[in-house]
Amino acid sequence: MTSASELTITQVIVADPRVKPLLRELGDEYARRYGKDAHAELARHPDEEFTTPYGGVLLLLLERGEPVAGGAFRRYDETTAELKRIWTHSAHRRRGLARRVVAELEREASARGYRRIYLTTGPRQPEARGLYLTTGYIPLFDTEAEPETIGPLPFEKHLPAAPHQGKAAGL
């Protein structure tokens, strides 16, 4: 079993070669669940939206230098980050890695001044739905309805203010 100390988070750009497994597996997973056009979902947002100058970030969770999980956010509006591309390598699932990635993304979003996170997940992704429900995200849809009748399932979570931001503002 890998210890937490052998796991590291690193910020990367989409062009980093270590991101390729994330994009490949996400594209394949979306295609299996939603059809061949699902690969277009990954190209819907320009890569630069996941960089600091555009208000975003792309993080990878590395184990002994190899990517095992990752995720990103982009600016949704001035106070809201939108989570995208949450991924766990197929050989490393059921270890809580997605929770760790989501927590790191929340921490980073809060540090950058975002007060809210918004995201959607597909109706054929019960694992993602479960992840967001168990990590404190509020469903913005009827949880009793059949997911296929809703389409993308929206969630939100309000973030606490980062402690250093209040102090920096003289509060």
Side-chain angles (χ1 to χ4, degrees), residues 7 9-51 54-63 66-77 80-106 108-109 114 116-159:
L7 295 171
I9 289 283
T10 188
Q11 184 175 330
V12 295
I13 60 171
V14 175
D16 187 306
R18 296 173 294 180
V19 176
K20 285 182 182 178
L22 178 153
L23 297 176
R24 182 179 56 253
E25 281 199 345
L26 281 177
D28 292 348
E29 187 74 23
Y30 294 164
R32 273 193 298 282
R33 294 182 191 220
Y34 302 104
K36 62 181 179 174
D37 294 335
H39 281 275
E41 171 60 25
L42 293 173
R44 190 163 54 113
H45 299 289
D47 293 350
E48 60 266 9
E49 288 189 14
F50 302 102
T51 64
Y54 288 84
V57 70
L58 174 58
L59 300 177
L60 288 178
L61 181 60
L62 306 176
E63 182 174 70
E66 293 299 317
V68 294
F73 65 74
R74 60 185 283 278
R75 179 184 304 274
Y76 186 75
D77 63 34
T80 306
E82 180 183 17
L83 293 190
K84 302 295 286 179
R85 301 177 180 174
I86 307 301
W87 163 80
T88 300
H89 190 288
S90 57
H92 295 277
R93 295 193 176 148
R94 311 211 49 82
R95 295 175 51 196
L97 301 177
R99 279 181 189 259
R100 170 104 185 253
V101 168
V102 169
E104 293 290 341
L105 289 168
E106 290 172 2
E108 185 68 27
Y114 290 113
R116 175 178 173 254
I117 291 184
Y118 173 80
L119 65 94
T120 60
T121 191
R124 297 179 189 165
Q125 295 174 261
E127 311 90 342
R129 177 183 169 156
L131 169 68
Y132 301 125
L133 288 171
T134 60
T135 55
Y137 283 79
I138 300 164
L140 302 175
F141 59 93
D142 179 356
T143 58
E144 299 299 315
E146 174 60 39
E148 290 285 335
T149 67
I150 300 170
L153 308 176
F155 290 85
E156 74 174 351
K157 185 175 190 177
H158 293 275
L159 300 173

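Along the sequence shown, residues are numbered consecutively beginning with 1.
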Interatomic distance, [X] atom [atom1] to [Y] atom [atom2] [nearest 0.5 angstrom]:
X: L23; Y: D47; atom1: CG; atom2: CG; value: 8.0 Å
X: T51; Y: Q11; atom1: OG1; atom2: CD; value: 9.0 Å
X: R95; Y: L7; atom1: CZ; atom2: CG; value: 6.0 Å
X: F73; Y: E108; atom1: CZ; atom2: CD; value: 5.5 Å
X: L159; Y: E106; atom1: CG; atom2: CD; value: 6.0 Å
X: I9; Y: L59; atom1: CD1; atom2: CG; value: 5.5 Å

F155: partners by ring-ring contact (aromatic ring centres under 6.0 Å, His included), with sequence neighbours left out = Y132, F141
Which residues pass the ring-ring contact (aromatic ring centres under 6.0 Å, His included) test with H158, sequence neighbours left out?
-> none
How close do [X] and [Y] get, heavy atom to heavy atom, and via which atoms?
X: A81; Y: A109; result: CB-CB, 4.2 Å
X: L22; Y: G71; result: CD1-N, 4.2 Å
X: Y54; Y: E49; result: CB-CA, 3.9 Å
X: A145; Y: I150; result: CB-CD1, 3.9 Å
X: R75; Y: D77; result: CG-O, 3.3 Å
X: L97; Y: A69; result: CB-CB, 3.9 Å

Distance only, no hydrogens: is a donor on one side chain within 3.5 Å (strictly under) of an acceptor on the other, for R99 and T134?
-> yes
Using the side chain to side chain contact (heavy atoms under 4.5 Å, CB included) rule, take R18 and T10 through it: C-alpha gap first, then chi angles, then the decisive distance, then the call.
-> CA-CA 11 Å; R18 296 173 294 180; T10 188; 4.2 Å; yes
For E29, which residues count as a side-chain contact (heavy atoms from CB on, under 4.5 Å) partner, sequence neighbours excluded?
-> R32, R33, R93
Applying side-chain contact (heavy atoms from CB on, under 4.5 Å), name anything that partners E82, two or more places apart in sequence or on another chain.
-> R74, Y76, K84, Y118
Heavy-atom side-chain contact between [X] and [Y] under 4.5 Å:
X: P139; Y: L153; result: no
X: L105; Y: I117; result: no
X: V102; Y: K157; result: no

Side chain to side chain contact (heavy atoms under 4.5 Å, CB included) evaluation trace for L83 with Y137 = CA-CA 12 Å; L83 293 190; Y137 283 79; 3.6 Å; yes
Does any pair with a residue in residues 117-126 pass salt bridge (charged side-chain N to carboxylate O under 4.0 Å, His left out), and if so which ones, sequence neighbours excluded?
-> R124-E148
Judged by atom type as modelled, is there a donor-acceptor pair below 3.5 Å linking the side chain of R129 to the main-chain atoms of T143?
-> yes
Between E156 (side chain) and L140 (backbone), is there a donor-acceptor pair under 3.5 Å?
-> no
Applying side chain to side chain contact (heavy atoms under 4.5 Å, CB included), run through D16 and L58 and close with a yes or a no.
-> CA-CA 10 Å; D16 187 306; L58 174 58; over 6 Å; no
Looking at residues at least two apart in the chain, or sitting in another chain, which of them share a salt bridge (charged side-chain N to carboxylate O under 4.0 Å, His left out) with E146?
-> none
